[in-house]
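Atoms within a ligand are numbered from 1 in the order they appear, just like the ligands themselves. Excluded from the calculations below are hydrogen atoms, water molecules and symmetry mates; all remaining heavy atoms, backbone and side chain alike, are included.
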Amino acid sequence: MSNPDSARRFHYLNAMGIQTWLRRGQGGTNAVMSSPSSGDPVPASAAHEASSPLPYNAVATLDWMHLRQRVLACTQCALHKGRTQAVFGVGNQQARWMIIGEAPGADEDRQGEPFVGRAGKLLNNMLLAVGLKREDAYIANIVKCRPPNNRDPQPEEADSCAPYLQRQIALIQPKLILAVGRIAAQNLLNTTATVGALRGKCQRYGEAGIPLVVTYHPAYLLRSPKEKRKAWRDLQLAREIAAPVLPNNN
Ligand code: URA
């Protein structure tokens with residue numbers, strides 16, 4: 001495999017659990033063939049201001065520092081009662097790619113960072129498969145506090161958190177939003193359609209019409225590895241839309 005791009009993609013696709021082969025005598029990008037794998041990828045493993053009387057709609061004007069303080073001190077919905085800490089979001093504030101998940105789980109609640117558990121490791125590998133390092137993207141969730149027993153966030157909880165995510169998106173102005181999983185997709189697109197119906201095409205978010213690609217949640221992919229091939233296609237679509245993320249245009 002002489003082509004370093006192919007070698008890198010080969011490595012990360014295998015890390016995603018998508019087994020790959022190269023056609024004999026070919027080393028280019030299109031030479032990579034994939035097949036479903038039965039195995040999962042190797043699991044690798046504030047400041048707080050008072051919850052102030054600042055008008056809720058003023059969130060749309062906050063800078064990063066004050067937005068973060070608001071989120072970390074938020075008591076707008078009952079989820080704050082069970083959290084260790086709110087999970088604000090992480091990554092490059094000038095990112096081209098914004099990854100939006102559902103809600104913090106136990107690991108995220110403990111560490112204060114989205115997607116740091118087993119699903120997060122798979123997400124990292126999914127991003128690397130299209131040449132994107134985790135730290136080059138911005139990663140956030142629909143709700144910032146962990147729902148009890150990892151249940152789905154309720155609509156009123158997602159609504160309470162929506163101004164925070166809207167402000168994060170407005171500050172970043174990403175070229176592409178990758179919505180991972182049903183809760184993210186349905187909330188961002190204001191629909192009840194399934195991931196299966198929403199994935200595979202370029203959707204649009206908000207008044208600015210930011211391109212949005214829906215894919216499966218990495219936690220679901222860990223349970224249903226056969227769907228990783230579809231997720232890989234979604235990532236390729238996202239890469240086409242978002243354009244260059246690495247100096248070598250990978
Ligand atoms: N699942 C999510 O949707 N978000 C996280 O941050 C972790 C797991």
With a cut-off of 4.0 Å, which atoms of ligand 1 are near a heavy atom of G101? 3 (O)

Kindly indicate whether the side chain of Y216, heavy atoms from C-beta on, has any atom under 4.5 Å from the side chain of S224. no

What part of E102, side chain from CB on, backbone N/CA/C/O, both or neither, has a heavy atom under 4.0 Å from ligand 1? both

Ranking A119, P153, A103 by closest non-hydrogen atom to atom 2 (C) of ligand 1, top hit is A103

Which residue supplies the protein heavy atom nearest to atom 4 (N) of ligand 1, what is that atom called, and how far is it? N141 OD1, 2.8 Å

In Å and rounded to the nearest 0.5 Å, what is the CD1 to CG distance from I99 to L123? 6.0 Å

Number the atoms of ligand 1 from 1 as they appear, then name those within less than 4.0 Å of a heavy atom of P114, with their elements. 6 (O)

Straight-line distance of I172 CD1 to I210 CD1, nearest 0.5 Å: 9.5 Å

Evaluate the ring planes of Y138 and W64, with Trp represented by its six-membered ring, and classify them as parallel (under 30°), tilted (30 to 60°) or perpendicular (over 60°). tilted

What heavy-atom pair brings N141 and I100 nearest, and what distance separates the two atoms? C-CG2, 4.2 Å

Taking a cutoff of less than 4.0 Å between a non-hydrogen atom of the residue and any ligand atom, is H217 in contact with ligand 1? yes

